[in-house]
Colleague: 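The structure's right below; bear with me while I get my questions together.
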Amino acid sequence: MLAAGMGRLPPPFGRQFGRMRTPSSLGGKLILIMTAVGVVATIGITLLLAAVITPSFATLEDKAIAAHVERTRAALSDYAADIESAARDYGDGNDGYSYLAQPGAAYEGESLSARAMSNIGVDGMAYVTSEGRVVLARWRDPVTGAARPGTKAQLIATLGRTDIAKALRGRRSGRLYARVGDGVAAIGVAQVRRSDGSGGARGYVVLARVVTSRQMSERLNRDARIDLTPSGDRYSVTASPSKLMIAVPILGADGHAVATTRLRIPRDVSLLGRRVLLLAVAGSTVLLLLVLVVLRRMIARLVLRPLHRVESHMQRVRVSGSLALLEEDDRRDEIGSLGRSFNAMLRQLKDLREQIEVQSFDLGRSESAVAVMHNVRNALNPISTILSQGIAQAPPIERAPIDRAIAELARSDLPDARREKLAVFVAAAIEAEATSRGATRRELVIGREAMAHVLEIIGQQQRAAHERPALEVCDVSDIIARNATIARYSQGASIAFSFPAGPNLVMASRVILSQVIGNLFGNAVESIEARGTGSGSITATITQSGDRVTIHIRDDGEGFPPNVAGTLFQRGFSTRAHKSGGLGLHWCANSVNAMQGSLRLESDGPGLGAVAILTLQAGKPVVPNAA
């Protein structure tokens, strides 16, 4: 059928798609599939956009970092170039040229005073001979103009460590950066010559100006800071979620960093890239959600609603029993074909029902007789087995040795020792014969019980041919024990039985219930024999829940595929190819239903055994009336 759970009435129109939330329903599965597709598509789109957008903006950010580094280096170079230009102007003068040849206080007071240094905007000044000897050095405080001897000494020490001629590289002037005191100074160096350029250079004039974080920030229009701690000879970048820390080294005369310029740059490009990525992902996700919602509504309208209409009609047919046809529409798709096929099936079922009603009377007349013969055959099998075993059973001891022993015992000249041995032998033979006779007697008793069972079946069938079986209180444990004793005599396998002790009372016809259980035991024995192991076990358990008693009869036989469990009770069906009957289970099911019970068979598959589940009404013990 198209749907499984049709026990409830159709929901109202406003809630007809409520089942779509149920994972086991078609709508629920479609929702899960569309949700999974949406999640996978969202992840795919996110990864695709991230793979395209993120590298592009990362490249733009790298270019922006490189531009900031170049601007910082250019600002440092321009700052030092200004000092170099001032040093070149100071170096081209006759007074300075003469001063290096013969230092004098007049030149120092006029051209090397604090006022003169303030006019050209430098913090330190020095004259150095060509041999590297410092003739004069001065350092002033940029705020007060007072001399700072300590910083002057550091300037002299820095000049002493610096090879000025090498730093100039054959040029008339040059520039460099160096640590002076607690700051970094841009130093301009120029050769001292006459004003007209004649004569060889007598030495060098050195001008120094401290570089501050404020000056660098003003030049770069960025948040810049001079860090006296060198961080390497190459620039480095430290990234945070919202800022970039760019460290540009300030190189000294030897090519190594003497300090670091640190820039704090907002990550505008990266933030823009993330926003673009989030916007693209959000837009695609919303679009995908809209598509999924539209698809869900279209599936509900075009597929689920027609299927629900078919299901509702099937439910009405099931409840009313009337094979009314489904109202067809003009759809030419698969749903319309389904409705037409369903109506064709209803027409066929209606025709078959009429045929079955005609044939049921004829089949009913023969079914009872065939079922009785089937049950009689099952009850006669133990008698045949007992008789076969009795015929094939050899005597416990041969007759000839016993006759010879008796003849010897009749002799008067027989030695006592010999007589004693013969007496023992004859006694043992008589004991064996008695044991064998007792076993034969017990088997004959069982055979008599089986024969009585056959006669009872025939008599009961004659009495109840046209009557509904009368229910009485029966001890199902006693019935199981008796049928287990009979079924134990199997010719093809050794069967071990296990069942609970009684009493367990049920409401049933004792004879019919005995036949049903006998049939179930017989089928279980045949299943164990068909498995071919030579042995097996049958276990019966009884449980009670409320007013219902459930009997489980489990065997470890050949079993059957789970998908044929519903067809086992059909007339003439059998799981074994050499069998043409199958009326036993059909009769059992009908008999149990007549006793207001139920019978079903279950199996996990071929080779895994089977279990028969018999459910009956619980019986109440009869309490005798008080005298």
Side-chain angles (χ1 to χ4, degrees), residues 61-84 87 121-126 134 137-144 148-164 166-167 174-189 206-270:
E61 188 176 65
D62 292 340
K63 292 181 179 180
I65 291 173
H68 285 298
V69 172
E70 291 301 322
R71 283 196 294 270
T72 303
R73 289 174 177 172
L76 292 172
S77 178
D78 293 343
Y79 193 86
D82 294 341
I83 305 302
E84 179 184 1
V122 297
D123 300 320
M125 175 182 290
V134 177
R138 288 184 178 178
W139 195 277
R140 71 179 185 90
D141 187 280
V143 178
T144 62
R148 298 178 62 177
T151 307
K152 181 184 74 173
Q154 292 180 1
L155 175 62
I156 295 174
T158 300
L159 295 176
R161 294 191 302 268
T162 303
D163 188 348
I164 297 179
K166 184 177 180 180
R175 54 183 179 269
L176 57 91
Y177 281 92
R179 284 282 301 276
V180 178
D182 54 356
V184 179
I187 298 177
V189 182
V206 178
L207 300 181
R209 182 186 297 166
V210 175
V211 183
T212 63
S213 299
R214 180 179 179 182
Q215 291 171 340
M216 288 302 300
S217 299
E218 291 175 353
R219 282 180 174 267
L220 296 174
N221 291 324
R222 292 286 181 185
D223 182 11
R225 182 171 59 87
I226 301 298
D227 189 357
L228 301 181
T229 302
S231 60
D233 297 337
R234 295 178 58 85
Y235 78 91
S236 60
V237 180
T238 303
S240 66
S242 60
K243 297 289 184 180
L244 288 175
M245 294 295 298
I246 304 176
V248 181
I250 301 176
L251 302 180
D254 55 356
H256 296 291
V258 296
T260 303
T261 302
R262 299 190 181 276
L263 305 178
R264 290 175 59 88
I265 308 298
R267 301 191 67 178
D268 297 333
V269 176
S270 180

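Numbering starts at 1 and runs along the sequence shown.
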Colleague: Can you name the closest pair of heavy atoms from Ile246 and His68 and give their distance?
Modeller: CD1-CB, 4.0 Å
Colleague: Determine whether more than 12 heavy atoms belonging to other residues, nucleotides or ligands lie under 6.0 Å from atom NZ of Lys243.
Modeller: yes
Colleague: Please tell me if the side chains of Ile250 and Ile226 come closer than 4.5 Å, counting only heavy atoms from C-beta onward.
Modeller: yes
Colleague: Rounded to the nearest 0.5 Å, what separation is found between the CE atom of Met245 and the CG atom of Asp223?
Modeller: 8.0 Å
Colleague: What is the minimum heavy-atom distance between Ile187 and Ala208, and which atoms define it?
Modeller: CG1-CB, 4.0 Å
Colleague: Ala178 and Thr158: which non-hydrogen atoms are nearest, and at how many Å?
Modeller: CB-CG2, 3.7 Å
Colleague: OG1/Thr162 to CG/Leu155 distance, rounded to the nearest 0.5 angstrom?
Modeller: 9.5 Å
Colleague: Between Leu220 and Thr72, is there a side-chain heavy-atom distance shorter than 4.5 Å?
Modeller: yes
Colleague: I want to check something: taking the side chain as every heavy atom from C-beta on, are Ser77 and Arg175 in contact at a cut-off of under 4.5 Å?
Modeller: yes
Colleague: When you compare the side chain of Arg140 with that of Arg148, does any pair of heavy atoms fall below 4.5 Å?
Modeller: no
Colleague: Which heavy-atom pair separates Gly188 from Ile83 by the least distance, and what is that distance?
Modeller: N-CG2, 3.3 Å
Colleague: Show the numbers, then the answer: is there a side-chain contact (heavy atoms from CB on, under 4.5 Å) between Thr261 and Arg225?
Modeller: CA-CA 6 Å; Thr261 302; Arg225 182 171 59 87; over 6 Å; no
Colleague: Are side-chain heavy atoms of Leu263 and Tyr235 found at a separation under 4.5 Å?
Modeller: no
Colleague: Measure from the side-chain N and O atoms of Tyr177 to the backbone N and O of Leu76, and report whether any donor-acceptor pair falls under 3.5 Å.
Modeller: yes
Colleague: Would you check if Tyr79 and Arg209 make a side-chain contact, meaning some heavy-atom pair closer than 4.5 Å?
Modeller: yes
Colleague: Could you walk me through whether Thr151 and Val180 pass the side-chain contact (heavy atoms from CB on, under 4.5 Å) test, one step at a time?
Modeller: CA-CA 7 Å; Thr151 307; Val180 178; 3.6 Å; yes
Colleague: Would you confirm whether Arg73, through its side chain, and Pro249, through its main-chain N or O, come within 3.5 Å as a donor-acceptor pair?
Modeller: no
Colleague: Do His256 and Leu251 have side chains that approach each other closer than 4.5 Å (heavy atoms only, starting at C-beta)?
Modeller: no
Colleague: I need the minimum non-hydrogen distance between Val210 and Gln215, along with the two atoms involved.
Modeller: O-OE1, 3.2 Å
Colleague: What is the minimum heavy-atom distance between Leu228 and Ala259, and which atoms define it?
Modeller: CA-CB, 4.2 Å
